[in-house]
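Let me begin by presenting the structure, written as structure tokens, before commenting on it.
If you read the sequence from its start, that first residue is 1, and numbering goes on from there.
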Amino acid sequence: MHTSGHLFSGGWGDGRGFMNAGYAPVFGANHHPASVATARANVPGIYVREAAIQTIDMRTLPSCQVLVGSPICWESTPAGGNSAARVQDELDFGDNQNRKRSDWGQTRMTAWEPVRYVEVHKGSVLAYCGENVPGFATRNHRLFNAWLAVWDALGFYPTLASVNAAHISVETPDGLLGPLPQYRDRLVWAMVRKDIGRVPDLRPRPASICPNCGPVEGIQHWPGKPSGRRVGSYNPRLKADSKARQSYYYICPTERCHARVEPITRGIGEVLDPTVRGHRFGDGRRDRPGVPYEDATRARVEDGIQEFGGKPFIITLRNHGGATSLDAPIGTVTAQGGEHHYLVRPTADMTVDECEYRPLKNPEKARAQGFPAHHPFAGSESDIGLQVGNAVAVTVATFVAQRTKAVLPS
């Protein structure tokens, strides 16, 4: 059994994923007390260091064969050219409760912490795995290339892939997991030691339906980036003649076909708890009694009632957000900016004010991240919301762990 060490973020999603793949975690590190308690609750007896990862002397951490950790984005650090350093402006609007600028200084490690760990444990580390938003690579090419060059100098070969959690399915001890009912674009990587002589295949092949060939495993098509390093996001509306270099869609793998295909997805309705009730929309905000919802929110509810004919639906309070079906995935679950996703249940009179309205609850968002019911979270509701949103999606972590394990010496 291979061992793993986790410089983790959030509620132990990467740890759960690597455990799904059969790894034995030997340590964790995180600055957040509730996240530390969550890791300990899921792996009794594991050594977990509660500290800002940037401050840890890596020589004091146990050795492992596979290091796992997902760093903060370049653009929110001084290295990203942001003199305001370690804060990010929220892009949310409407009725979100938290509109202040979010302090990212302690939410994740920098990209250099895994380098520091591997440098002092290079005799034992076979691979380093992680993930981030695609902008981690695309918004500062020079810094990202320099980071890859450091891994090359350390004797590791990098493998990169762009994935979306809505398209990843994996076998786990709990059975088939995924795809998740949220669109969550990520860049994933595995830095594998060169002397192993093999690299993992991280390319996703989602179950899809081809109009000509029937069920197939789709392959990514990047019309604006026919060759070279491909990092970007899934865009189902991308045109075949698009010049966009950071977007892709899926096509049939059959050479004589290559028709456009859509991956099979799961709807958010599959993870919602029907016993949790909301409140009357016309009664206004729960956090500010007597204050009505904003006009933009009201318009989204009205649009949803008309579009879905009185059936329940989701509205998303983000820039460019709107009403979506319970049969479709929602947008990315995050820890930033308060509540984003709200369930709306229209009543028979089809009026906005009489609709039942509530945010998605932490257990529902945890299921949308792939956490099993037997995965305990420690801390307050606010702590749990932070852990769920900051975590690596469990399916994505399991996918990377399984693919990496396949090339490691036994």
Can you check whether [Y]'s main-chain N or O pairs, donor with acceptor, with [X]'s side chain at less than 3.5 Å?
{"X": "H340", "Y": "P359", "answer": "no"}
{"X": "Q402", "Y": "F399", "answer": "no"}
{"X": "E262", "Y": "I209", "answer": "no"}
{"X": "T3", "Y": "P25", "answer": "no"}
{"X": "D303", "Y": "R300", "answer": "no"}

Taking every non-hydrogen atom, the tightest pair across [X] and [Y]:
{"X": "W222", "Y": "Q220", "answer": "NE1-OE1, 3.2 Å"}
{"X": "F27", "Y": "G5", "answer": "CE2-CA, 3.5 Å"}
{"X": "V231", "Y": "A137", "answer": "CG1-CB, 4.0 Å"}
{"X": "V216", "Y": "P253", "answer": "CB-CD, 3.8 Å"}
{"X": "I53", "Y": "A29", "answer": "CD1-O, 3.4 Å"}

State, without any angle test, whether [X] and [Y] hold a side-chain donor-acceptor pair at a distance under 3.5 Å.
{"X": "R367", "Y": "N362", "result": "no"}
{"X": "R16", "Y": "N42", "result": "yes"}
{"X": "T60", "Y": "R49", "result": "yes"}
{"X": "T398", "Y": "N20", "result": "yes"}

- Residues forming a side-chain hydrogen bond (donor to acceptor under 3.5 Å, both in side chains) with R403, sequence neighbours excluded: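 Per chain and number, R403 pairs via side-chain hydrogen bond (donor to acceptor under 3.5 Å, both in side chains) with no residue.
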- Let me see the working for C64 and S124 under side chain to side chain contact (heavy atoms under 4.5 Å, CB included), right down to the final yes or no. CA-CA 6 Å; C64 66; S124 63; 6.0 Å; no
Can you classify the ring geometry of [X] versus [Y] as parallel (below 30°), tilted (30 to 60°) or perpendicular (above 60°)?
{"X": "F8", "Y": "W12", "value": "perpendicular"}
{"X": "Y248", "Y": "Y250", "value": "perpendicular"}
{"X": "F18", "Y": "H6", "value": "perpendicular"}

Using a 6.0 Å cut-off, check whether atom [atom1] of [X] has over 12 heavy atoms from anything other than its own residue.
{"X": "R203", "atom1": "CZ", "answer": "no"}
{"X": "F308", "atom1": "CZ", "answer": "yes"}
{"X": "R205", "atom1": "CZ", "answer": "yes"}
{"X": "K225", "atom1": "NZ", "answer": "yes"}
{"X": "R237", "atom1": "CZ", "answer": "no"}

Going by heavy atoms in the side chains, are [X] and [Y] under 4.5 Å from each other?
{"X": "M191", "Y": "V118", "value": "no"}
{"X": "L187", "Y": "V133", "value": "no"}
{"X": "R186", "Y": "V392", "value": "no"}
{"X": "V115", "Y": "L154", "value": "yes"}
{"X": "D195", "Y": "F156", "value": "no"}
{"X": "I314", "Y": "L343", "value": "yes"}
{"X": "V199", "Y": "V407", "value": "no"}
{"X": "I268", "Y": "Q182", "value": "no"}

Lys/Arg N to Asp/Glu carboxylate O, [X] vs [Y], below 4.0 Å:
{"X": "R280", "Y": "E356", "result": "no"}
{"X": "K194", "Y": "D152", "result": "yes"}
{"X": "R184", "Y": "E131", "result": "no"}
{"X": "R116", "Y": "E113", "result": "yes"}
{"X": "K239", "Y": "D241", "result": "no"}

- With salt bridge (charged side-chain N to carboxylate O under 4.0 Å, His left out) as the test, would you mind laying out the steps for R40 and E50 before giving the verdict? CA-CA 11 Å; R40 290 171 175 161; E50 183 183 323; 5.1 Å; no
- Message: Under 6.0 Å between ring centres: does that hold for W151 and W189?
- Response: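 Between W151 and W189, the centre distance exceeds or equals 6.0 Å.
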- Message: Tell me if the centroids of the rings in Y128 and Y117 come within less than 6.0 Å of each other.
- Response: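 Y128 vs Y117: aromatic centres not under 6.0 Å.
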What's the spacing between [X] [atom1] and [Y] [atom2] if we round to 0.5 Å?
{"X": "S233", "Y": "Y249", "atom1": "OG", "atom2": "OH", "value": "16.0 Å"}
{"X": "L67", "Y": "H121", "atom1": "CG", "atom2": "NE2", "value": "9.0 Å"}
{"X": "E270", "Y": "E364", "atom1": "CD", "atom2": "CD", "value": "13.5 Å"}

- Task: With side chain to side chain donor-acceptor pair (under 3.5 Å) as the test, would you mind laying out the steps for R229 and N145 before giving the verdict?
- Result: CA-CA 11 Å; R229 182 194 301 158; N145 288 338; 2.9 Å; yes
- Query: Do the numbers put R298 on top of the ring of F281, so that NZ or CZ is under 6.0 Å from the six-membered ring centre and no more than 45° off the axis?
  - Reply: no
